[in-house]
Amino acid sequence: MSLRIFNTLSSKKEAFDPSPENRVGMYVCGVTVYDYCHVGHARSAVVFDTIFRYLKHLEFDVTYVRNFTDIDDKIISRALEEKVSWQEVTKKYIDAFYEDMGQLYIEVPTVEPKATDHIPEMLDMIALLVDQGKAYESGGDVFYSVSSFGGYGQLSKKNIEELQSGARVEVNESKRDALDFVLWKKSKPGEPAWDSPWGAGRPGWHIECSAMGRKYLGDTFDIHGGGKDLVFPHHENEIAQSCGVTGCPPVRFWVHNGFVNIDKEKMSKSLGNFFTLRDIYKKHHPETLRLFLVSSHYRSPIDFSEKNLEDAEKVLSRFYEALADADEVLKGELASRDVVRKHPLLTKCEEAMNDDFNTSVVLALMNEELRAINTELDKIARGSGDQNKLLVCVAAFRLVGGLLGLLSSSPEKFKREIFDLKKSSLGLDVAKIEKLIKDRDLARKGQDWSRADQCRDELTQMGVVLEDTPQGTEWKIQ
RNA sequence: GGCACCGUCGCCAAGUGGUAAGGCAGAAGUCUGCAAAACUUCCAUCGGCGGUUCGAUUCCGCCCGGUGCCUCCA
């Protein structure tokens, strides 16, 4: 089966037919840089990063564009609050974005345009709309006239008359119609401003994506992504603007990820129920968060909770544990790429990913493969295993993990990082632990089992788990 | 009020018109001084009621419950 993707526009999975040159253009709405990223931002970034990785795996020539919205009301008010320039605000949070997202193994997109670097492109589009009578100036603002676009509401399945009568649509004296939205916003004295044919101002939010998508990917491109909350009005408006300018639909596939919930409620700034990535990283490994985020389908809501992260960490630890054991046996031996490509695990995972990026099934398949790997390891330890089989399984396992952006670390590094996180959050006394382990080993050598068990009970109470191996006693936390 | 979506084992989570992947937790076993880890085995009839069908968890209708969008939002 070839790739099928759910298209918000049709509410159906559709065959994703590549262009003859196998090129794919994908635009994803990034973040407005006025604060630290929370888990909701991470989900969107991880979802589209996973899609990006998979498209590349299918050997598409992908141009992936993800923007930064670096001018907007919230940025201006944040600058006022912090008594700094708006540029300082955006720089600070763009830096923080890279720091926080980088830890989630998010690959760098092909292009990362900023809105303020594309004012001329936006002005061009606005001018074209005004010339055609699809947009109008009013008191220094420029609005898009929604009634000029027949297809309005198609993406969000909204009825234009119902929207018009909707009580919640803001009433603005300078608009001709309540649904009209701003393309260019007149600036007040002291606010950041750019010159335009309609006076000093700044762009409205929606026009930046239309302008940047068009500049980097053309009048019509393959995939446009973002969180479900962007469907209306942002993406609906984008379609209206772009169609107004080019006369053709800007996007073939609209792809939207579901929300991150806390207790079944959407994580959001206004509800105050959000967790920033940096807060989470104090207690959890970023890769754990990534595994958690790919454990459900990208369109479903996902409930963020301590328990779910703990479950994710257990899975990931088992993965790395097996890899550590396998590496010890294989000693850096490399599998043939062609053989790995034909491994059933990979074939099955491709089938799952081809069906609208079903990452949960990929994880299920990885868990099954994990059992096969551990079984082979057991056999090898008993002298009857097939080392070559193990080699190929492990290579396929790593490759598939890589599709999800997982397992790119070394097992030692991962284990050490988890250890450090737990050690500091539990405040463990390592010297005391090692003393107890030494005492226990002495007791064991003297076959003083009750003394040995006493030591271990004490360690258990501290959250330390012991593992007696032929190489000696190892320990881990919790 | 309008428009969408969701309701699968104790918890998380896939899925299909022909009797339901995977993970966590739990139970039993192998291994172990005892454990841990690993492995083996066990562990659900899919919110309710009707309908379509030879057959529905999967399609349709109604009901109940939950969420989202309609304003900035990943």
Side-chain angles (χ1 to χ4, degrees), chain A residues 8 11 28-32 34 37-48 69 72-74 153 156-159 161-163 165-170 179 205 225-234 236 256-261 263-271 274 291-292 295-297 299-303 305 307-318 321-322 325 348 352 355 358-379 381-382 444 447-450 452-453 456-457 460 464-469 473-476:
Chain A
T8 307
S11 304
V28 174
C29 289
V31 294
T32 302
Y34 74 103
C37 291
H38 65 231
V39 188
H41 300 117
R43 184 176 197 193
S44 184
V46 164
V47 162
F48 290 102
T69 298
D72 135 295
D73 292 354
K74 289 191 288 280
S156 54
K157 317 283 180 286
K158 288 189 189 306
N159 179 310
E161 282 86 40
E162 278 161 4
L163 278 174
S165 60
R168 294 180 69 186
V169 175
E170 166 203 3
L179 286 185
W205 175 36
K228 262 192 166 71
D229 45 2
L230 300 183
V231 174
F232 189 91
H234 186 234
E236 197 72 71
H256 294 98
N257 66 272
F259 297 133
V260 176
N261 290 163
D263 291 329
K264 314 256 187 221
E265 265 186 336
K266 179 185 173 184
M267 178 184 288
S268 74
K269 286 283 173 78
S270 45
L271 285 168
F274 63 93
L291 189 141
F292 162 69
S295 66
S296 7
H297 186 85
R299 280 187 282 118
S300 309
I302 184 168
D303 222 52
S305 72
K307 162 83 164 67
N308 290 345
L309 279 184
E310 281 165 13
D311 283 0
E313 192 201 289
K314 283 179 191 165
V315 172
L316 193 56
S317 292
R318 269 164 57 86
E321 207 67 56
D325 293 347
K348 288 186 212 160
D355 185 16
N358 197 329
T359 53
S360 332
V361 167
V362 172
L363 273 180
L365 292 165
M366 285 180 76
N367 272 300
E368 284 174 358
E369 194 62 29
L370 177 70
R371 229 178 310 142
I373 288 170
N374 278 327
T375 301
E376 208 55 39
L377 279 165
D378 273 6
K379 281 191 193 162
R382 281 184 274 112
R444 289 178 73 216
Q447 305 218 329
D448 182 355
W449 306 127
S450 71
D453 288 347
R456 189 175 53 204
D457 289 347
T460 304
V464 173
V465 182
L466 298 183
E467 208 168 314
D468 295 325
T469 75
T473 301
E474 290 174 12
W475 63 281
K476 61 183 182 185

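None of these values were measured; they are calculated from a predicted model. Below, chains carry the letters A, B, ... as their sequence lines are ordered, and counting in each starts from 1.
When distances are taken from the side chain of A:Asp378 to each of B:rA74, B:rA38, B:rU40, the shortest belongs to B:rA38. With B:rA74, B:rA38, B:rA13 as the candidates, the nucleotide lying closest to the side chain of A:Ser296 is B:rA13.
Here, B:rG10 and B:rC6 have their P atoms 22 Å apart, quoted to the whole Å. Nucleotides B:rG22 and B:rC49 have their P atoms positioned 28 Å apart, rounded to a whole Å. Distance check on atom C1': B:rC69 versus B:rC60 gives 26 Å, rounded to whole Å. Taking the C1' atoms as reference points, B:rU45 lies 14 Å from B:rG15, given to the whole Å. The same atom, C1', is picked in B:rG23 and in B:rC3; the two are 36 Å apart, to the nearest Å. Of the P atoms belonging to B:rG33 and B:rA27, the separation is 23 Å, rounded to the nearest Å. One C1' atom belongs to B:rA21, the other to B:rU8, and the distance between them is 12 Å to the nearest Å. Using C1' as the reference atom, B:rC42 and B:rA36 are 22 Å apart when rounded to the nearest Å.
Base contact: A:His38 has a heavy atom under 4.0 Å from a base atom. Residue contacts for A:Met366: at a heavy-atom cut-off of 4.0 Å it reaches no nucleic acid atom on any strand shown. Using a 4.0 Å heavy-atom distance criterion, A:Lys264 is classed as a sugar-phosphate-only contact. A:Val39 comes within contact range of no nucleotide atom at all, as no heavy-atom separation falls under 4.0 Å. Among the protein residues, A:Gly258 comes within range of the nucleic acid bases, having at least one heavy atom under 4.0 Å from a base atom. Counting non-hydrogen atoms under 4.0 angstrom, A:Gly40 reaches a base of the nucleic acid. Using a 4.0 Å heavy-atom distance criterion, A:Phe292 is classed as making no nucleic acid contact. Residue contacts shown for A:Ser270 are absent, as no nucleic acid heavy atom lies under 4.0 Å away. Counting any heavy atom pair closer than 4.0 Å across all strands shown, A:Lys74 reaches sugar-phosphate atoms only and no base atom.
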### Query
Is there a side-chain contact (heavy atoms from CB on, under 4.5 Å) between A:His38 and A:Val260 once you walk through the steps?
CA-CA 10 Å; A:His38 65 231; A:Val260 176; over 6 Å; no

### Query
Reading nucleotides 18-30 of chain B 5' to 3', which nucleotides get B (base under 4.0 Å from a protein heavy atom), which S (sugar-phosphate only), which -?
---BSBBS-----

### Query
Which nucleotides of nucleotides 31-36 of chain B have their base under 4.0 Å from a protein heavy atom (B), which only their sugar-phosphate (S), and which neither (-), written as one string 5' to 3'?
--BBBB

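Each of A:Ser11 and A:Asn374 lies near RNA chain B, and the nucleotide nearest A:Ser11 is the one positioned closer to the 5' end.
Per the geometry, CG belonging to A:Leu230 stands 16 Å off P belonging to B:rG68, to the nearest Å. When the C1' atom of B:rA13 is taken as reference, atom CG of A:Leu309 falls 15 Å away, rounded to whole Å. Look at CG on A:Asn358: it is 8 Å from C1' on B:rG15, rounded to the nearest Å. Atom CG in A:Asp355 sits about 11 Å away from atom C1' in B:rU16, given to the nearest Å. We find that CG of A:Asp229 is positioned 11 Å from P of B:rC72, with the value rounded to whole Å. Note: CD (A:Glu236) to P (B:rA4) measures 14 Å, nearest angstrom. Computed from coordinates, the A:Phe232 CZ to B:rG68 P distance equals 18 Å when rounded to whole Å. In this structure, A:Asn257 places its CG atom 15 Å from C1' of B:rC5, rounding to the nearest Å.
Annotation: the span from A:Arg456 atom CZ to A:Trp475 atom CH2 amounts to 16.0 Å, rounded to 0.5 Å. Here the CG atom belonging to A:Asn374 is positioned 10.5 Å from the CD atom belonging to A:Glu369, to the nearest 0.5 angstrom. Here NZ of A:Lys314 is found 13.5 Å from CG of A:Leu291. Values are rounded to the nearest 0.5 Å. Taken to the nearest 0.5 Å, the NE2 atom of A:His234 stands 13.5 Å off from the OG atom of A:Ser156. If you take CZ on A:Arg444 and CG on A:Asp468, they are separated by 3.5 Å, rounding to the nearest 0.5 Å.
Residues A:Asp311 and A:Val315 have side chains not in contact (no heavy-atom distance under 4.5 Å, counting atoms from C-beta outward). Counting heavy atoms from C-beta outward, A:Glu313 and A:Leu309 have side chains that stay 4.5 Å or more apart. A:Ser11 places a side-chain heavy atom less than 4.5 Å from the side chain of A:Lys157.
Base-pair partner of B:rA44: not found among the strands shown (Watson-Crick or G-U wobble, both distances under 3.5 Å). In this entry B:rU32 has no Watson-Crick or G-U wobble partner, no candidate having both defining distances under 3.5 Å. Pairing of B:rU58, defined by two Watson-Crick or G-U wobble distances under 3.5 Å, is not identified with any nucleotide. The partner of B:rC3 is B:rG68, judged by Watson-Crick or G-U wobble contacts that both fall below 3.5 Å. Pair assignment for B:rA13: none, as no Watson-Crick or G-U wobble contacts are both less than 3.5 Å. Searching all strands for a Watson-Crick or G-U wobble partner of B:rU19 with both distances below 3.5 Å returns nothing.
Contact check, A:Ser300 against B:rA14: a side-chain N or O comes under 4.0 Å of OP1 or OP2. The side chain of A:Lys379 contributes no N or O atom lying less than 4.0 Å from OP1 or OP2 of B:rA38. Between A:Asn159 and B:rC3 there is no side-chain polar atom (N or O) within less than 4.0 angstrom of OP1 or OP2.
Annotation: cation-pi pair A:Lys228/A:Phe259 absent, no NZ/CZ under 6.0 Å from the ring centroid and within 45° of its normal.
When every heavy atom of A:Lys266 is checked against every heavy atom of A:Leu271, the shortest pair comes out as O-CD1, 3.4 Å. For the pair A:Ala322 and A:Leu370, the tightest heavy-atom approach, listed with the atom from each and the gap, is CB-CD1, 3.4 Å.
Counting non-hydrogen atoms of other residues, nucleotides and ligands closer than 6.0 Å to CG of A:Asp263 gives a total of 12 or fewer.
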